[in-house]
Amino acid sequence: MPTPLKIQHLRQFLMAADHGSFRVAAQGTFRSQAAVSAAMQDLEQQLGAPLFEPGKRAQLTALGQAVAPLFRELLATHDRVLDAARQFGMGSQGPVALAVMPSLADEWLPRLLERYARSHPDVRIRALDETSPEVHRLVLSGEVQVGVAGQSPRTAEVAFTPVARDAFGLVCKKSHPLARRRGPVSWAALADERLIGNATFETLKNRQLGSGIDDPAIVVSNRASLLASVVGGLGVTVLPVLARPAAGSGLAFVPLVEPVVERIVGVLTRKEETLLPSVAAMHALALRSLAQFTRRKGAVLV
């Protein structure tokens, strides 16, 4: 098997060829002139013929002139690949794919992406808006590296880091009779309301919370459209604290009790899998950002 060419030797050869001087090649690579001369002899031995004219000051032979472009191309490829590998290692490059449950996709996710893109401008990001079970599946399959979702049945392959304890509440117009009450209302109080379902209703089904929860009159999956429907008077809806409308939306958020229904929200990755540095940075930022968002929205940190 042929002995591999040494990158340092190629760099010294090209510097000597470009400047006509072994001394310049030695200075440029922080070696002695004798070391460079020995390196050139070693390179000539590998190729089987002289690269420099004997007795002439770093003057290339015909072979030296022929191989110089090849060595230059090889060295450029080496430097380009090494730089790219270092960028991956430092987290400056590398694809990141994450999936987030719908209740966080409208308000929290854009802020997360903006913060990450500011510190990692060259990383390519793919973000998906999926239900919690689908987020778990995507992380498990490796289609995304980071997921943010409600806690599903644990699997041996997925690591779940809990962040928030998220309770549910009624979202309605501020003028709605239930919003005028002081304090929370019971789930039973929704029996006479026209409920607009959303993606989080899947979490609430089959819990004896009422037929309107199990089979809502209308289902709107997009949060912005959902809130617009409530503002437009089509009905009321139920959302977790993390998805509660902003103060200026004209909508009220009324905690629901009897029973208090909660979900645990956290960040997912595959277990026993070392994350690409760019992905590890996203994972760490998602944990910090979700904790900050949890405090701001009034949910409980786990």
Side-chain angles (χ1 to χ4, degrees), residues 99-109 128-138 147-154 160 162 164-247 249-266 294 297-300 302:
V100 176
M101 60 186 184
S103 57
L104 290 172
D106 288 346
E107 190 174 351
W108 174 75
L109 179 59
L128 305 176
D129 171 359
E130 300 288 351
T131 62
S132 285
E134 182 65 7
V135 171
H136 281 258
R137 187 195 69 77
L138 289 169
V148 181
Q151 188 173 25
S152 289
R154 293 182 179 273
F160 180 85
R165 186 180 300 278
D166 199 14
F168 287 83
L170 167 69
V171 176
C172 59
K173 287 184 174 183
K174 289 183 177 180
S175 59
H176 193 284
L178 292 178
R180 293 175 181 170
R181 295 187 186 182
R182 292 176 180 267
V185 299
S186 69
W187 289 89
L190 304 182
D192 297 327
E193 301 294 332
R194 184 178 176 85
L195 283 173
I196 307 173
N198 58 73
T200 59
F201 274 46
E202 292 298 321
T203 305
L204 303 173
K205 283 184 177 181
N206 304 316
R207 295 196 183 194
Q208 287 74 52
L209 298 174
S211 59
I213 296 294
D214 293 337
D215 186 23
I218 307 172
V219 176
V220 180
S221 58
N222 179 271
R223 181 174 176 272
S225 300
L226 173 69
L227 298 183
S229 298
V230 177
V231 170
L234 291 180
V236 300
T237 193
V238 173
L239 285 173
V241 173
L242 291 179
R244 67 189 302 171
S249 66
L251 297 174
F253 182 87
V254 184
L256 287 162
V257 294
E258 300 177 7
V260 173
V261 179
E262 297 178 322
R263 63 176 183 176
I264 301 298
V265 176
T294 296
K297 297 297 281 190
V300 179
V302 177

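- Each of Ile218, Val219, Val236 was compared with Leu195 under the side-chain contact (heavy atoms from CB on, under 4.5 Å) criterion, and only Val236 meets it.
- Between Leu138 and Ala99 the shortest heavy-atom distance is CD1-CB, 3.9 Å.
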Intermediate values then yes/no, side chain to side chain contact (heavy atoms under 4.5 Å, CB included), Leu178 and Leu190: CA-CA 9 Å; Leu178 292 178; Leu190 304 182; 4.3 Å; yes

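- Taking both residues in full, the closest heavy atoms of Pro162 and Phe160 are given as CD-O, 3.4 Å, listed atom of the first, atom of the second, then distance.
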Please lay out, stage by stage, how Thr237 and Val220 fare under the test side chain to side chain contact (heavy atoms under 4.5 Å, CB included). CA-CA 10 Å; Thr237 193; Val220 180; over 6 Å; no

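- When the side chain to side chain contact (heavy atoms under 4.5 Å, CB included) test is applied to Pro245, the partners found at least two apart in sequence or on another chain are Val171, Leu227, Ser249, Leu251, Phe253.
- A search for side chain to side chain contact (heavy atoms under 4.5 Å, CB included) contacts involving Val100 returns Leu98, Leu104, Trp108, Leu109, Val148, not counting sequence neighbours.
- Between Gly197 and Leu226 the shortest heavy-atom distance is O-CD1, 4.0 Å.
- Between Ile196 and Gly235 the shortest heavy-atom distance is CD1-N, 3.7 Å.
- Partners of Ser225 by side chain to side chain donor-acceptor pair (under 3.5 Å), not counting sequence neighbours, listed by chain and number: Asn222.
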Pair up each side-chain donor or acceptor in residues 258-265 with any protein partner under 3.5 Å, not counting sequence neighbours, and list the distances.
unit_1 : atom_1 : unit_2 : atom_2 : d
Arg263 : NE     : Asp166 : OD2    : 3.2
Arg263 : NH2    : Ser103 : OG     : 2.9
Arg263 : NH2    : Asp166 : OD2    : 3.1

Hey, mind stepping through Thr294 and Leu242 against side chain to side chain contact (heavy atoms under 4.5 Å, CB included) and telling me if it holds? CA-CA 7 Å; Thr294 296; Leu242 291 179; 3.9 Å; yes

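- In this structure, Pro177 has no side chain to side chain contact (heavy atoms under 4.5 Å, CB included) partners at least two apart in sequence or on a different chain.
- Within the structure, the side chain to side chain donor-acceptor pair (under 3.5 Å) test picks out the following pairs touching residues 172-189 (sequence neighbours left out): His176-Glu193.
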Pair Val238, Leu209 - check side chain to side chain contact (heavy atoms under 4.5 Å, CB included), show working. CA-CA 11 Å; Val238 173; Leu209 298 174; over 6 Å; no

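- Here the closest non-hydrogen pair linking Gly298 and Val241 is C-CG1, 3.8 Å.
- Listed by first and then second residue, the side chain to side chain donor-acceptor pair (under 3.5 Å) pairs that reach into residues 200-216 are Asn198-Thr200, Glu202-Lys205, sequence neighbours excluded.
- Not counting sequence neighbours, the partners of Arg137 by the salt bridge (Lys or Arg N to Asp or Glu O under 4.0 Å) test are Glu134, Glu143.
- Rounded to the nearest 0.5 angstrom, His136 NE2 and Met101 CE are separated by 9.0 Å.
- The salt bridge (charged side-chain N to carboxylate O under 4.0 Å, His left out) analysis of residues 221-233, with sequence neighbours excluded, yields the pairs Glu107-Arg223.
- Contact record, Pro216 with Ile213: CD-O, 3.7 Å, taken as the closest heavy-atom pair.
- In this structure Gln151 satisfies the side chain to side chain donor-acceptor pair (under 3.5 Å) test with no other residue, sequence neighbours excluded.
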